[in-house]
Amino acid sequence: MNTEKYDVIIIGGGPIGLACGLEAQKAGLSYLILEKGCLVNSIYNYPANMTFFSTSERLEIGDVPFVSNNAKPTRSEALEYYRRVAIHKKLNIRLFETVLEVQSSEKETYTIITKKRTYETTNVVIASGFFDIPHKLNVKGEDLPKVTHYYTEPHFYAFQKVLVVGANNSAVDAALETWRKGADVTMVIRGEGVGERVKYWAKPDIENRIKEGSIKAFFNSEVEEITEDSVILKTPEGVIKVENDWVISMTGYQPNLDFLKKIGINLSTDKIMKPQYDENNMETNLTNIYLAGVICGGMNTHSLFIENSRVHAERIIEKICHKTSFSIA
């Protein structure tokens with residue numbers, strides 16, 4: 001099979017990866033978006049009933065209007081919007097094609113190896129997000145089938161004893177939704193209360209449910225062990241055993257920083273492990289390799305969102321076009 005060649009290859013088919021494709025298309029560059037899962041895979045894996053904190057216009061890409069029924073769009077509306085953008089703009093995207101390697105070649109080009117094909121490109125944009133690798137509890141029993149790090153919808157947990165681990169939006173949503181479907185819900189929170197980033201309409205709801213005792217909560221506590229029929233918790237009052245059917249561990253996710261290290265992108269030596277890049281044009285320490293979206297923040301995954309990283313696409317394509325025109329001149 002012949003190696004396909006492109007001006008730009010974009011790794012990641014989320015909203016920012018699509019935005020990069022739209023900018024490349026507008027600039028007349030040949031491009032390809034490679035996504036290891038489905039279209040906007042991270043949003044697909046959000047809870048089924050999730051509502052965005054942002055308004056719809058702040059999630060728009062490529063000057064395509066996003067109209068939602070309410071001020072805050074839902075997951076299903078976002079999936080529909082980004083799918084419509086991909087169709088309307090005829091984006092060149094290949095789904096369920098995992099990138100295995102990015103190899104440097106002669107003449108400042110790169111070889112991209114996936115599970116299916118090999119590509120050659122002058123420019124690589126990595127917009128792979130952060131939803132791939134969950135933060136593990138690292139406790140005995142975490143690998144039991146009853147434990148999940150991804151929550152989808154609540155009906156499955158009806159009339160079951162559910163332990164929700166975490167204090168932020170995903171944990172609060174899981175606790176409230178499963179409780180409203182009849183689950184006996186207990187929360188385990190490492191800090192003194194629910195997170196400050198919890199959506200303003202959900203925060204008083206969860207706090208009131210805890211206060212009235214409808215949802216049990218252990219603050220300043222951690223999971224010590226998970227068994228088939230219970231969970232062992234370490235609390236300020238000592239170690240306790242809680243009967244349990246299912247554990248929903250909503251402790252956050254992290255980008256695949258090992259992939260960046262593997263191809264030679266420098267990371268900071270502190271716990272943030274922020275990748276090295278020029279904020280003016282998003283180019284990394286590797287020539288013609290760029291970063292876009294939340295992955296730019298390293299482990300600080302709450303610093304960048306769709307709305308404040310859409311501009312990355314414009315910066316990257318402007319830099320690529322400048323280099324191209326300069327070399328032609």
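In what follows, every heavy atom counts, from backbone to side chain, and hydrogens, waters and symmetry copies are set aside. Note that this is a predicted model, so its numbers are computed, not measured.
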Under a single-linkage definition using a 4.5 Å side-chain heavy-atom cutoff for Ile, Leu, Val, Met, Phe, Trp and Tyr, are [X] and [Y] assigned to the same hydrophobic cluster?
X      : Y      : value
Tyr253 : Phe52  : yes
Ile240 : Ile215 : no
Val294 : Ile133 : no
Ile265 : Phe130 : yes

Criterion side chain to side chain contact (heavy atoms under 4.5 Å, CB included) against Ile33, the qualifying member of Val125, Ile11, Val8, Ile93: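 Among Val125, Ile11, Val8, Ile93, the one meeting side chain to side chain contact (heavy atoms under 4.5 Å, CB included) with Ile33 is Ile93.
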
Glu77: which of Asn70, Val67, Leu59, Asn69 passes side chain to side chain contact (heavy atoms under 4.5 Å, CB included):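 Result: among Asn70, Val67, Leu59, Asn69, Asn69 is the only option passing the side chain to side chain contact (heavy atoms under 4.5 Å, CB included) with Glu77.
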
Are the aromatic rings of [X] and [Y] close, with centres under 6.0 Å apart?
X      : Y      : value
Tyr110 : Tyr119 : no
Tyr46  : Tyr150 : no
Tyr31  : Tyr6   : no

Separation of Glu101 CD from Lys262 NZ (nearest 0.5 Å):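 Atom-to-atom, Lys262:NZ and Glu101:CD are 4.5 Å apart.
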
Nearest-0.5 Å distance, CZ of residue Phe156 to CD1 of residue Ile248: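 Here the interatomic distance stands at 9.5 Å.
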
Residues, nucleotides or ligands: over 12 heavy atoms within 6.0 Å of Lys72 NZ: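 Yes, enclosed.
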
Glu80 atom CD, over 12 foreign heavy atoms within 6.0 Å: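 Counting neighbours around CD of Glu80, more than 12 heavy atoms of other residues, nucleotides or ligands fall under 6.0 Å, so yes.
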
Which atom of Cys20 lies closest to which atom of Ile316, heavy atoms considered: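 Shortest heavy-atom separation between Cys20 and Ile316 comes out as SG-CD1, 4.4 Å.
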
Modelled atom types, side-chain donor and acceptor of Glu177 and Tyr157, under 3.5 Å: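 Absent: no donor and acceptor within the cut-off.
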
Asp7-Ser30 side chain donor-acceptor pair, cut-off 3.5 Å: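 Yes, a side-chain donor-acceptor pair sits under 3.5 Å.
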
Student check: side-chain heavy atoms of Arg75 and Asn49 closer than 4.5 Å: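 Not touching, per the 4.5 Å side-chain cut-off.
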
Ionic contact status for [Y] with [X], cut-off 4.0 Å:
X      : Y      : answer
Glu97  : Arg117 : yes
Lys146 : Glu228 : no
Lys203 : Glu207 : yes
Glu4   : Arg94  : yes
Asp205 : Arg209 : yes

Can I get a per-line list of side-chain donor-acceptor pairs under 3.5 Å for residues 38-45, giving both atom names and the distance, sequence neighbours left out?
unit_1, atom_1, unit_2, atom_2, d
Asn41, OD1, Cys38, N, 3.2
Asn45, ND2, Asn41, O, 3.1

Ignoring hydrogens and angles, write down the donor-acceptor pairs under 3.5 Å from the side chains of residues 187-201, residues two or more places apart or on other chains.
unit_1, atom_1, unit_2, atom_2, d
Arg197, NH2, His302, NE2, 2.9
Lys199, NZ, Thr51, O, 3.3
Lys199, NZ, Asp173, OD2, 3.1

Met299/His135 under side chain to side chain contact (heavy atoms under 4.5 Å, CB included): CA gap, chis, key distance, verdict: CA-CA 11 Å; Met299 294 297 289; His135 285 298; 3.4 Å; yes

Pair Asp229-Glu243, side chain to side chain contact (heavy atoms under 4.5 Å, CB included): steps then yes or no: CA-CA 6 Å; Asp229 59 3; Glu243 290 186 10; over 6 Å; no

